[in-house]
Amino acid sequence: MKLYFSPASPYVRKTLASAHLLGLFDTIELLPSAASPVARDMTIAPTNPLGKVPTAYLEDGTALIDSRTICEYLHEQAPQKGLFPAGQARWEALRLHAIADGLLDAALLARYEVAMRPEALRWNDWLAGQMGKIDAAVAALEASVDQLQGREDIGSITAGCALGYLDFRFPDHDWRSAAPKLAQWWEAFAQTPPMALTVPH
């Protein structure tokens, strides 16, 4: 598999952390991308009309678009299919995945508002709305910390990527004070190989 990536993208991190968890990281060739919030990567655009990362290409040229799709594919390729568990555990993992992905969506929008939009055009209510979603998602993960404990699947991987992105892009946003149990979980989970080997930069 060839994967167009950005080292700062939390969705790329989710994909690569999943590959590490499944023992498939060494099967992926990483290719740099020129994608940005305001410009599509025209190398990717012919097969991914969104022109963004992560985009993966299989040996037959098939393009896989979006981290969720790529993670599903990696799960299917792995001898030990632990990324998406079976039974009731699957729904809990997907619930955590959805909360953490929503946190990431809001965090990216907040980041773009501050880092990309000209200051004269910034909308404070929009930024406050996204930060409110972030805080609500953190609160939901704090309430679900017992389900995160001991879990290594798409739910914990995405939660870790979301919290790591907050630390990376919003270092002054003190989410830990309101979520001490989640902070303790993240301190330990950040040391696991899928997280430690995919720190954004």
Side-chain angles (χ1 to χ4, degrees), residues 1 3 5-6 8-25 28 48 50 52-56 64-78 80-111 130-170 175 179 181-200:
M1 175 192 289
L3 183 77
F5 83 112
S6 165
S9 166
Y11 301 104
V12 168
R13 187 183 192 188
K14 177 178 42 165
T15 302
L16 297 180
S18 296
H20 275 294
L21 179 65
L22 296 169
L24 297 176
F25 181 79
I28 299 174
N48 178 353
L50 303 175
K52 66 179 187 177
V53 295
T55 296
L64 300 179
I65 299 168
D66 188 87
S67 61
R68 288 167 290 188
T69 303
I70 300 169
C71 288
E72 287 272 11
Y73 176 82
L74 291 171
H75 170 80
E76 288 299 319
Q77 302 307 304
Q80 301 296 325
K81 294 178 170 50
L83 189 61
F84 292 89
Q88 183 61 34
R90 177 181 179 86
W91 305 115
E92 184 59 37
L94 291 179
R95 187 184 74 85
L96 294 167
H97 182 199
I99 293 169
D101 247 5
L103 193 164
L104 281 177
D105 291 344
L108 263 292
L109 290 173
R111 167 71 179 169
Q130 304 312 316
M131 298 307 294
K133 292 178 184 179
I134 289 170
D135 291 340
V138 166
L141 292 174
E142 169 78 355
S144 300
V145 75
D146 288 345
Q147 285 73 50
L148 284 168
Q149 297 289 355
R151 177 182 293 274
E152 279 195 296
D153 57 25
I154 194 65
S156 59
I157 289 288
T158 311
C161 291
L163 298 175
Y165 189 75
L166 290 183
D167 290 343
F168 178 51
R169 291 301 195 196
F170 299 89
W175 62 266
K181 293 184 292 184
L182 183 65
Q184 186 176 24
W185 171 82
W186 171 230
E187 183 178 356
F189 193 68
Q191 306 308 312
T192 61
M195 294 289 102
L197 295 171
T198 56
V199 175

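Note that the numbering runs from 1 along the sequence shown for the chain. Worth knowing before you read on, the calculation uses all heavy atoms, side chains too, and leaves out hydrogens, waters and symmetry mates.
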Counting only heavy atoms from other residues, nucleotides and ligands, does the tally under 6.0 Å from CD of Q77 exceed 12?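 Correct, the count exceeds 12.
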Would you find more than 12 non-hydrogen atoms of other residues, nucleotides or ligands less than 6.0 Å from E187 atom CD?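 It does not: E187 CD has 12 such atoms or fewer within range.
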Quick one: pull up [atom1] in [X] and [atom2] in [Y] and give me the separation to the nearest 0.5 Å.
{"X": "Q80", "Y": "L21", "atom1": "CD", "atom2": "CG", "result": "11.0 Å"}
{"X": "S67", "Y": "L104", "atom1": "OG", "atom2": "CG", "result": "8.5 Å"}
{"X": "Q147", "Y": "S156", "atom1": "CD", "atom2": "OG", "result": "12.5 Å"}
{"X": "L83", "Y": "R90", "atom1": "CG", "atom2": "CZ", "result": "9.5 Å"}
{"X": "E152", "Y": "L22", "atom1": "CD", "atom2": "CG", "result": "10.5 Å"}

Looking at side-chain heavy atoms only, is the closest gap between [X] and [Y] below 4.5 Å?
{"X": "L24", "Y": "M1", "answer": "no"}
{"X": "Y11", "Y": "K52", "answer": "no"}
{"X": "W186", "Y": "L148", "answer": "no"}
{"X": "T55", "Y": "L50", "answer": "no"}
{"X": "Y165", "Y": "L108", "answer": "yes"}
{"X": "I154", "Y": "S18", "answer": "yes"}
{"X": "L3", "Y": "I70", "answer": "yes"}

Sequence neighbours left out, what passes ring pair (Phe, Tyr, Trp, His ring centres under 6.0 Å) with [X]? Give chain and number order.
{"X": "F25", "value": "H20"}
{"X": "F189", "value": "W185"}
{"X": "H75", "value": "F84"}

Could you go step by step and tell me if S9 and K14 meet the side chain to side chain contact (heavy atoms under 4.5 Å, CB included) rule? CA-CA 9 Å; S9 166; K14 177 178 42 165; over 6 Å; no
How would you list, by chain and number, every residue that makes a salt bridge (Lys or Arg N to Asp or Glu O under 4.0 Å) with R169, sequence neighbours excluded?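 So R169 forms no salt bridge (Lys or Arg N to Asp or Glu O under 4.0 Å) with any residue.
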D167: salt bridge (Lys or Arg N to Asp or Glu O under 4.0 Å) partners, not counting sequence neighbours: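 Salt bridge (Lys or Arg N to Asp or Glu O under 4.0 Å) check on D167 returns R176.
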Taking side chain to side chain donor-acceptor pair (under 3.5 Å) as the test, write out the residues that go with Q130, two or more places apart.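 In terms of side chain to side chain donor-acceptor pair (under 3.5 Å), with neighbours along the sequence ignored, Q130 is linked to no residue.
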Heavy-atom closest pair, residues [X] and [Y]:
{"X": "L103", "Y": "A162", "value": "CD2-CB, 4.0 Å"}
{"X": "T15", "Y": "P54", "value": "OG1-CG, 3.7 Å"}
{"X": "F168", "Y": "A8", "value": "CE2-CB, 3.9 Å"}
{"X": "T198", "Y": "R13", "value": "O-NE, 2.9 Å"}
{"X": "D153", "Y": "G155", "value": "OD1-N, 2.9 Å"}
{"X": "A17", "Y": "M195", "value": "CB-CE, 3.6 Å"}

Main-chain N/O of A188 paired to T192 side chain as donor or acceptor, under 3.5 Å: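 Checked: no pair found.
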For the pair T69 (side chain) and L64 (backbone), establish whether a donor and an acceptor sit closer than 3.5 Å, ignoring hydrogens and angles.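 Judged by distance alone, no pair lies under 3.5 Å.
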Would S144 and R95 count as a side chain to side chain contact (heavy atoms under 4.5 Å, CB included) if you check the C-alpha gap in whole Å, the side-chain angles of each, and the deciding distance to 0.1 Å? CA-CA 10 Å; S144 300; R95 187 184 74 85; 2.6 Å; yes
For a side chain to side chain contact (heavy atoms under 4.5 Å, CB included) check, start with the C-alpha distance between L109 and K133, then their side-chain angles and the critical distance, and finish with the verdict. CA-CA 11 Å; L109 290 173; K133 292 178 184 179; 5.8 Å; no
What do the steps show when you test I134 against W175 for side chain to side chain contact (heavy atoms under 4.5 Å, CB included), and what is the final call? CA-CA 9 Å; I134 289 170; W175 62 266; over 6 Å; no
